[in-house]
**Student:** 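Below are the structure tokens for one structure; questions will follow.
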Amino acid sequence: MTDTIKPAERPGNPRFSSGPCAKRPGWSTNQLKNAYLGRSHRSKDGKALLKRAIDQTKDILKIPSDYRVAIVPASDTGAVEMALWSLLGARGVDVLAWESFGSGWASDIKNQLKLDDVRLLQAEYGELPDLDAVDFNNDVVFTWNGTTSGVRVANGDWIAEDRQGLTICDATSAVFAQELDWHKLDVTTFSWQKVLGGEGAHGMLILSPRAVERLETYVPPWPLPKIFRLTKNGKLIEAIFTGATINTPSMLCVEDYLDTLAWAQEIGGLDALISRANKNAAVVSDWVERTPWIDFLCEQPEIRSNTSLCLKIVDARVEALSLEDQRAFAKRLAQLLDGEGAAFDIDGYRDAPPGLRLWAGSTIEEKNLHALMPWLDWAFSNTVATL
Ligand SMILES: Cc1ncc(COP(=O)(O)O)c(C=O)c1O
């Protein structure tokens, strides 16, 4: 038994998953009632809806007008793989990895594309690799916000203006919640299911003019499946970037994405979205500050995520356990909250150090994080009492 009193109030929405992330406040299936269903996505109206999704994305994210934006298959993973397989091999590659997803891209580049001239710049969970060591004569592959460690780059200042290589950035858990430096990014990817709480399966691919130039002047030595092909006879297939998708998208998901974009615009656009995530993250960091049993995996506030908040349990009784038992402890704590309906999906990522992960992105409501904090204390003291 524990002397921590069970909180009286549960978060109004207990969904704190890091993907798919919580739907926007006020969302309901009613939002989808006008979805363009049972109609061809290649009809005039179908294509117009897809183009609207592209145009509004560009508008809200303040993407430069000479950049191209496409809706592509297979979520963020599809968008990243499409970029890696279409563009790499022309130069050496620097891959930055500081958590699971960056490591996954590095592994694909080395073991699947089998490129030789690859440098892996790596850091432990909670840290960033040495950004000054990046060689911008190479193509540079990195993740803006490491979702599984809660570490992000603070800005794009470390990226050379006069780079020869391309920057390829997986920004799926950053976009719509953090300021991206578009002029430093040649390829950027994200998926609908993250910061705006959209649905899975659809990815976004954003290309700078330099990325397009590479596509039109370089042919990789390996075969490219249709699902990855962005050029025809050495020219960019421009239609993909105005809504003529490579294959069939879900128009139900498109409707949902358009709904989230309308919400984003209504609340004040990108600045409002970023501010929401910052305020949410502040609720958790205030609690961490006053709570002895918990800490951030990322010790430096400048590079700490405001979306995927990764936490470690630093109580001596827990730290004395084996790594496996620490993982089991975090899981039990998360399950206790799940059973109470106070928080869903907050166990740390399977490859990350044991701990908890709370999503604080733009669709999360600050009041729900406030309500969650006492539940975390309650769950910790109940779980530790079982040791
Ligand atoms: C940084 C990062 N990259 C890639 C992915 C994979 O995204 P998806 O499942 O949308 O392809 C995720 C998902 O959590 C992620 O956080």
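Note: hydrogens, waters and symmetry copies are ignored here, and every other heavy atom, side chains too, is used. Numbers for residues simply follow the sequence, beginning at 1. Indexing begins at 1, ligand by ligand and atom by atom, following the structure's order.
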**Student:** So which residues get pulled into Tyr125's cluster when ILVMFWY side chains under 4.5 Å apart are joined, directly or through others?
**Tutor:** Leu297
**Student:** Is there any protein N/O under 3.5 Å from an N/O of ligand 1, and what does the full list of such pairs look like?
**Tutor:**
| residue | atom | partner | partner atom | Å |
| --- | --- | --- | --- | --- |
| ligand 1 | 3 (N) | Asp76 | OD2 | 3.3 |
| ligand 1 | 3 (N) | Asp170 | OD2 | 2.6 |
| ligand 1 | 10 (O) | Ser75 | OG | 2.5 |
| ligand 1 | 10 (O) | Asp76 | N | 3.4 |
| ligand 1 | 10 (O) | Ser191 | OG | 3.1 |
| ligand 1 | 10 (O) | Gln193 | NE2 | 2.8 |
| ligand 1 | 11 (O) | Asp76 | N | 3.2 |
| ligand 1 | 11 (O) | Thr77 | N | 2.8 |
| ligand 1 | 11 (O) | Thr77 | OG1 | 2.5 |
| ligand 1 | 14 (O) | Lys194 | NZ | 2.6 |
| ligand 1 | 16 (O) | Thr147 | OG1 | 2.4 |

**Student:** Hey, can you tell me if Phe176 and Phe190 have their rings parallel, tilted or perpendicular (30° and 60° cut-offs)?
**Tutor:** perpendicular
**Student:** Please work out which of the three classes, parallel, tilted or perpendicular, describes the rings of Phe142 and Trp144, given edges at 30° and 60°.
**Tutor:** tilted
**Student:** Of all heavy-atom pairs between Arg317 and Leu321, which one has the smallest distance, and what is that distance?
**Tutor:** O-CG, 3.6 Å
**Student:** Looking at residues at least two apart in the chain, or sitting in another chain, which of them share a side chain to side chain donor-acceptor pair (under 3.5 Å) with Arg357?
**Tutor:** Ser18
**Student:** Output all residues satisfying side chain to side chain donor-acceptor pair (under 3.5 Å) with Arg68, sequence neighbours left out; order by chain, then residue number.
**Tutor:** Glu238
